Every structure is written in C-alpha cells, then in structure tokens.
Amino acid sequence: MRDPMRVALFLLTVVTVSRVHQHWPFIARLRPALLLVFAVAAYAALNTKSLSREALLATRPARLVALFAALACGSAVFGISLGNSGFFILSSYSKTIVYAFLLIAAIRHAADLYTFVWAYVVSSGILVFFAQFVFGLSRSSGSQAERLSDLYTYDANDLGLVLLVGVALTLWLFPIATRWQRVFLSILLFGCGSTLARTGSRGAFLGTIATGVGLLLFVNSVSLLKRVAFIVAATATLAVGAPAGYWAQMQTILAPKEDYNYTSRDGRKEVVKRGIGYMSAYPIFGIGIANFAKAECSISDKAQQHLFGTHIRCIAPHNSYVQAGAELGVPGLIVWLLLVFGSMREMRRLRKRLPPAWARGDPEQRFLYSSTSYLPVALLGFAVTSFFISFAYMDPIYIMCALMAGVYVSINHRLRRDVAASAALEAPPATG
C-alpha cells in the first residue's frame with residue numbers, strides 16, 4: 001500500500017507526461033498538476049522521514065540536475081532578457097525542477113522505483129490511446145506524410161520522443177510482469193510502434209532506429225534472438241501503422257540537401273549556425289534560458305539584415321543541444337552532454353559493479369539489474385530524437401535522471417539488506 005505522497009506523485013507523473021487533463025477543459029482549469037505539486041510538497045514537508053535524503057545529496061544524476069538548473073537560473077541574470085527568462089523560470093521551469101526533486105526524494109527502494117516506472121508507462125498508454133482514437137491526421141506544408149495534429153501541448157515530434165522513452169521503460173518492466181501485465185505491456189508496445197508511425201516524424205524515426213541499436217548493444221540479459229524478434233515485430237508494426245506518405249517522408253532523410261531545413265534561412269542548418277554564433281558571443285552564461293526565439297528577432301544576423309515592415313520569424317532552436325549551448329553557454333552544453341551521454345555511460349559502469357547473480361535472481365534483483373540496460377536504451381533514443389526538438393527544459397530527461405538516482409538508492413538498499421541477511425545467517429546461535 002503506497003502512502004498519500006507517492007500516490008499523488010504517481011498521479012502527478014501521469015498528468016505531467018500524458019497531459020491527459022488537457023482533454024477535458026473543466027479539469028484543466030482546476031490546474032491538477034499544480035495542486036498535486038502542492039499536495040506532494042506539503043506531505044513531504046510534514047513527513048521528512050519518508051524521503052530519501054541519500055538520493056538528493058549523494059547521487060550523480062541529482063547533482064547534475066541541480067547544476068544544470070543553477071546554470072539555467074544564472075543565465076537569466078546575464079542573458080539578453082531577464083524578464084523573458086525570469087517569466088519562463090517562474091511559470092514553467094521551476095515546476096519541472098521541483099517535480100524532479102520530489103520524484104528523486106520519493107524513491108527509497110525498488111518498490112518506489114517500480115511504481116514510478118509504471119507511472120510513465122501508464123502515461124505512454126494514455127498518449128497511445130489518444131493518438132489512435134482522438135487525435136486526427138493531417139498533411140502540413142512541406143510534409144509528404146499525413147501526421148498527427150491537434151495534440152494539445154505536444155506536437156507530433158514531441159510525442160515521438162516521449163513514446164520512445166516509454167518503449168524502453170515498458171521493456172524494462174516486461175521480464176518481471178505478471179501475465180495480465182504482460183498482455184497490457186504487449187498491447188502498449190504495438191500501440192507505440194503504430195503511433196510513432198502516425199507522428200510522421202523523421203527525428204522519431206531515427207530515434208526508433210537508435211532504440212533498436214541500443215537494445216542490441218545494451219540488453220545482454222535477454223537473448224539475441226528475442227531482441228532481434230522484438231525489433232522485427234516493431235518494424236512490422238511501424239509498417240502496418242504508417243499513414244499515407246510516411247515512407248516517402250522518411251526517404252527524404254537520405255537527401256538532406258534537397259530539404260528546406262538545408263536551404264531555408266529558417267531551416268535547421270541555419271538555425272544551428274546562428275545558435276553556435278550565440279554561444280560564441282555569450283560563451284560563459286549564454287543568451288539566457290528561453291531567449292533563443294528573442295535572439296532570432298533581435299541580435300541575429302537575419303534580424304540585423306531584416307527590412308522594416310517585412311515578416312521575420314522568431315523561431316525555437318529545434319535542437320536540444322543547440323538550445324542548451326546557446327541559452328546556457330559552454331558550461332550548460334557540457335552539463336547537458338553529461339546528463340544525456342554521461343548518464344548512459346554511468347549506468348553501464350554501474351552494471352559491472354552489480355552481482356552477476358542478480359541477472360537471474362528474484363524479481364527485485366532482476367528489475368534492478370536490468371535498469372542498467374534499459375535506462376541507457378531510453379537515453380540513447382532520447383539523445384537522437386532530442387537533436388531535432390527543443391527539449392532541454394522538458395520533463396523526460398529529468399524523469400530519467402530521477403529514475404537513475406532511484407536506481408542508485410534502490411541498489412544500495414538491496415545490498416544492505418543482503419549483507420544484513422547474510423550476517424544473520426552466519427551469526428553463531430545464542431547460548432543460554
């Protein structure tokens with residue numbers, strides 16, 4: 001039985017990831033995410049003994065999140081618009097960071113970790129349901145494929161990234177799931193494959209390939225035949241679920257110089273070049289969190305050459321790496337790379353320190369052992385897909401960092417239990 005704080009945090013995770021409340025305006029007006037944050041924070045303040053201080057103070061993922069958040073807040077002071085950055089921090093980013101640290105503090109052992117992995121997986125299921133039965137398909141300008149539209153606060157590219165993380169976490173749960181849980185997880189995996197096709201996102205397609213490569217490289221506890229079989233099944237599901245024009249759209253990846261992203265002044269190539277220019281001009285603190293679009297219409301070359309009275313687009317970076325580097329400077333880019341790629345490496349290193357017997361141990365041991373395989377898969381899918389969207393301040397990377405912090409704490413908790421049990425068995429019997 002979970003305490004009220006963890007129940008509320010489970011619901012907060014579902015609301016945060018799935019945005020399910022946006023489907024019903026009367027619920028959205030109640031601000032459920034904000035109410036749940038207050039409820040969790042109040043319970044935590046009144047019941048400090050229920051928190052994991054180890055995760056907050058001693059784990060590498062938590063320290064990196066704190067450092068990245070500090071750089072983000074510091075960038076606001078030295079950036080090009082304190083007001084713009086400050087508003088974003090107060091209205092959006094602060095909630096993301098508070099939520100992340102509440103989640104970190106809530107994971108005391110494997111049972112808590114398991115609960116919050118399920119929260120993300122349930123959220124993915126809700127998104128898949130809406131993508132299949134609620135959201136429509138349309139063909140936008142510049143796209144050869146019909147793709148999901150009217151997705152509330154996500155767009156189709158965002159949805160692809162969120163679901164790729166969900167695929168890895170779903171696979172993490174699968175080996176220790178009950179029969180009926182496996183039925184649900186299997187349906188969800190096929191639903192994710194179909195939905196990824198319906199996004200029409202080239203970034204999500206490359207992220208899907210990266211996720212498959214990650215499964216082949218990282219998940220050694222599952223036989224190669226089973227991993228290949230899953231990849232084949234996922235590919236078939238993607239093919240069956242692909243809407244009109246999907247494969248034609250994916251083929252444009254092979255001819256990047258013919259794409260508007262290469263030729264247009266507002267295409268990704270030019271945006272990246274301008275982003276590097278902002279980082280070069282403001283190398284220490286960056287232009288300030290959430291100021292990229294403002295820079296596009298104020299200090300960029302295109303803004304300087306802009307003819308008064310003509311249209312100019314103040315666009316987002318559409319690249320999380322450019323976003324972190326331009327807005328937070330070189331230190332921000334370094335910490336971002338450590339959050340994504342450094343965390344992947346640390347999870348792999350952690351696996352080498354675990355007892356090999358855990359790979360075939362009890363459900364808790366297998367769950368913890370496999371975390372060091374499936375979290376790197378999730379990070380790899382995120383690393384590739386986030387190259388094409390602005391996700392440096394969005395929830396998925398912070399949720400994964402919280403789960404990684406929880407892995408460290410849960411493994412230490414289990415090791416201490418195993419040591420205590422071993423000592424109890426070896427202790428001599430008491431004599432009268």
Side-chain angles (χ1 to χ4, degrees), residues 1-2 6-7 9-11 13-20 23 110-135 148 159-199 204 207-208 211-212 214-216 218-242 359-371 373-375 377-378 381 396 399-400 403:
M1 191 67 183
R2 297 290 178 263
R6 285 164 183 83
V7 171
L9 199 51
F10 182 98
L11 295 174
T13 301
V14 171
V15 168
T16 299
V17 176
S18 72
R19 313 294 172 90
V20 63
H23 186 62
D112 291 335
L113 178 64
Y114 180 76
T115 296
F116 297 122
V117 174
W118 264 108
Y120 195 105
V121 169
V122 169
S123 304
S124 299
I126 293 170
L127 287 169
V128 166
F129 176 84
F130 280 120
Q132 296 293 328
F133 302 108
V134 178
F135 304 141
L148 290 167
L159 181 61
L161 182 148
V162 173
L163 287 184
L164 281 173
V165 174
V167 166
L169 299 187
T170 300
L171 291 170
W172 180 10
L173 291 174
F174 205 87
I176 62 168
T178 65
R179 178 183 176 184
W180 290 110
Q181 287 173 343
R182 288 192 176 195
V183 170
F184 169 76
L185 295 174
S186 298
I187 294 171
L188 175 57
L189 287 171
F190 286 113
C192 283
S194 175
T195 301
L196 286 167
R198 289 168 69 85
T199 67
T208 302
T211 299
L215 288 172
L216 293 175
F218 300 150
V219 188
N220 299 327
S221 58
V222 177
S223 70
L224 179 61
L225 180 61
K226 288 183 178 180
R227 283 177 278 163
V228 171
F230 170 76
I231 292 171
V232 170
T235 303
T237 303
L238 193 72
V240 171
R360 297 291 182 268
D362 61 42
E364 181 182 347
Q365 290 173 331
R366 285 184 284 125
F367 175 67
L368 293 175
Y369 190 85
S370 61
S371 69
S373 296
Y374 289 107
L375 281 170
V377 171
I399 293 174
M400 284 189 285
L403 295 178

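For the numbers below, each heavy atom of this structure counts, side chains included, while hydrogens, waters and symmetry mates do not. Everything numeric in this text was worked out from a predicted model, so none of it was measured.
- Nearest heavy atom pair, residue Leu159 against residue Ala131, reads CD2-CB, 4.3 Å.
- Contact annotation: the side chain of Gln365 never approaches that of Arg360 to less than 4.5 Å [non-hydrogen atoms, C-beta and beyond].
- Taken to the nearest 0.5 Å, the CG atom of Leu173 stands 8.0 Å off from the CD atom of Gln181.
- Looking at heavy atoms from C-beta onward, Glu364 lies in side-chain contact with Leu368 at the 4.5 angstrom threshold.
- If you take OG on Ser370 and CD1 on Ile176, they are separated by 7.0 Å, rounding to the nearest 0.5 Å.
- Counting heavy atoms from C-beta on, the side chains of Leu171 and Leu189 come closer than 4.5 Å.
- Residues Asn220 and Arg227 are in side-chain contact: their nearest non-hydrogen atoms beyond the backbone lie under 4.5 Å apart.
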Q: Check the pair Ile399, Phe116 against side chain to side chain contact (heavy atoms under 4.5 Å, CB included), reporting the backbone distance first and the verdict last.
A: CA-CA 9 Å; Ile399 293 174; Phe116 297 122; over 6 Å; no

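- The structure places CG of Leu188 at 6.0 Å from OG of Ser124, a figure rounded to the nearest 0.5 Å.
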Q. Val128 and Gln132: side chain to side chain contact (heavy atoms under 4.5 Å, CB included), yes or no, with the steps?
A. CA-CA 6 Å; Val128 166; Gln132 296 293 328; 4.2 Å; yes

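- For an aromatic pair to be called close, the ring centres must be under 6.0 Å apart, and Phe10 with Trp118 fails this.
- Among all heavy-atom pairs drawn from Pro175 and Arg366, the shortest one is O-NH1, 3.4 Å.
- Closest of all the heavy-atom pairs between Leu185 and Ala177 is CD1-CB, 3.9 Å.
- For the pair Leu196 and Ala204, the tightest heavy-atom approach, listed with the atom from each and the gap, is CD2-CB, 4.3 Å.
- Across Met400 and Ala378, no two heavy atoms sit closer than the pair SD-CB, 3.7 Å.
- Distance CZ/Phe130 to CG/Leu148: 13.0 Å, rounded to 0.5 Å.
- At a threshold of 4.5 Å between non-hydrogen side-chain atoms, the residues Val162 and Pro396 count as touching.
- Of the residues Val219, Leu169, Thr170, the one that meets the side-chain contact (heavy atoms from CB on, under 4.5 Å) test with Tyr374 is Val219.
- Listed for the Arg6 side chain is no donor-acceptor partner under 3.5 Å among the backbone atoms of Asp112.
- Using a 4.5 Å heavy-atom threshold, the side chains of Leu127 and Thr195 count as separate.
- Relative ring orientation between Tyr114 and Phe367 is described as perpendicular, the plane-to-plane angle rising above 60° on a 0-90° scale split at 30° and 60°.
- For Leu164 against Gly381, the heavy-atom pair with the smallest separation is CD1-O, 4.5 Å.
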(Q) Is there a side chain to side chain contact (heavy atoms under 4.5 Å, CB included) between Ser186 and Phe174? Walk through the geometry before answering. (A) CA-CA 8 Å; Ser186 298; Phe174 205 87; 3.4 Å; yes

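- Rounding to the nearest 0.5 Å gives a distance of 10.5 Å between OG of Ser18 and OH of Tyr120.
- Residues Leu216 and Leu224 meet the side-chain proximity criterion, which asks for heavy atoms closer than 4.5 Å.
- Put simply, the side chain of Val377 does not reach to within 4.5 Å of the side chain of Val167, judged on heavy atoms.
- In this structure, CZ on Phe135 lies 10.5 Å from CZ on Phe129, to the nearest 0.5 angstrom.
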